Amino acid sequence: MSSEHYEVAIKDKMTLSIAEAAAYSGIGMNKLRELTKSPFCDFVLYVGKKTLIKRVPFEEYINRATEV
């Protein structure tokens with residue numbers, strides 16, 4: 001069994017953790033968690049209990065938004 005670890009740049013990832021999305025966007029982690037709990041949030045992906053942010057739809061959301 002291999003223990004290789006791969007580093008992928010944020011710009012190349014399909015999904016981001018809440019912490020990565022916060023660093024990437026400048027939006028706080030608490031605000032991101034609040035946004036992802038909305039039933040209308042189209043950039044959230046749940047993997048079990050883990051919350052991920054779909055990068056491209058998140059970028060599109062930010063481009064459309066005038067206020068968060």
Side-chain angles (χ1 to χ4, degrees):
M1 190 168 194
S2 178
S3 63
E4 293 181 45
H5 180 76
Y6 299 99
E7 293 290 327
V8 179
I10 285 178
K11 69 177 183 65
D12 296 326
K13 288 185 165 189
M14 292 181 66
T15 60
L16 307 173
S17 68
I18 294 287
E20 289 172 328
Y24 184 58
S25 67
I27 299 171
M29 290 175 44
N30 290 337
K31 186 62 174 184
L32 285 171
R33 283 190 193 96
E34 178 185 323
L35 290 170
T36 60
K37 289 181 182 174
S38 167
F40 305 107
C41 182
D42 65 349
F43 57 81
V44 67
L45 174 67
Y46 295 108
V47 180
K49 292 183 179 183
K50 188 174 186 177
T51 301
L52 295 174
I53 305 292
K54 295 183 250 179
R55 187 183 50 80
V56 172
F58 181 55
E59 290 172 347
E60 292 168 353
Y61 169 81
I62 290 172
N63 286 331
R64 288 189 314 267
T66 56
E67 183 177 322
V68 179

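Sequential numbering from 1 along the given sequence is applied to the chain's residues. Bear in mind that the values here come from a model prediction, so they are computed numbers and not experimental data.
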Does any pair with a residue in residues 12-26 pass salt bridge (Lys or Arg N to Asp or Glu O under 4.0 Å), and if so which ones, sequence neighbours excluded?
Lys13-Glu20

Atom of Val44, atom of Lys54 and distance for their closest heavy-atom approach:
O-CE, 3.3 Å

What's the shortest heavy-atom distance between Thr36 and Cys41, and which atoms?
CA-SG, 3.9 Å

Flag side-chain contact, heavy atom, 4.5 Å: Val47 against Thr15:
no

Rounded to the nearest 0.5 Å, how far does OG of Ser25 lie from CG of Leu32?
5.0 Å

Rounded to the nearest 0.5 Å, the CD atom of Glu59 sits from the CG atom of Leu16 at a distance of 8.0 Å

Show me the pairs that pass side-chain hydrogen bond (donor to acceptor under 3.5 Å, both in side chains) and involve residues 38-47, at least two apart or across chains.
none

Within residues 48-68 or reaching into it, pairs that qualify as ring-ring contact (aromatic ring centres under 6.0 Å, His included) - sequence neighbours excluded
Phe43-Phe58, Phe43-Tyr61

Non-neighbouring partners of Glu60 that pass salt bridge (charged side-chain N to carboxylate O under 4.0 Å, His left out), sequence neighbours left out
none

Taking a hydrophobic cluster as the set of Ile, Leu, Val, Met, Phe, Trp and Tyr residues connected by side-chain heavy atoms closer than 4.5 Å, whether directly or through intermediates, do Ile53 and Ile10 fall within one such cluster?
yes

Tyr24: partners by ring-ring contact (aromatic ring centres under 6.0 Å, His included), with sequence neighbours left out:
none

Which residues pass the side chain to side chain contact (heavy atoms under 4.5 Å, CB included) test with Met29, not counting sequence neighbours?
Ile18, Ala19, Ala22, Arg33

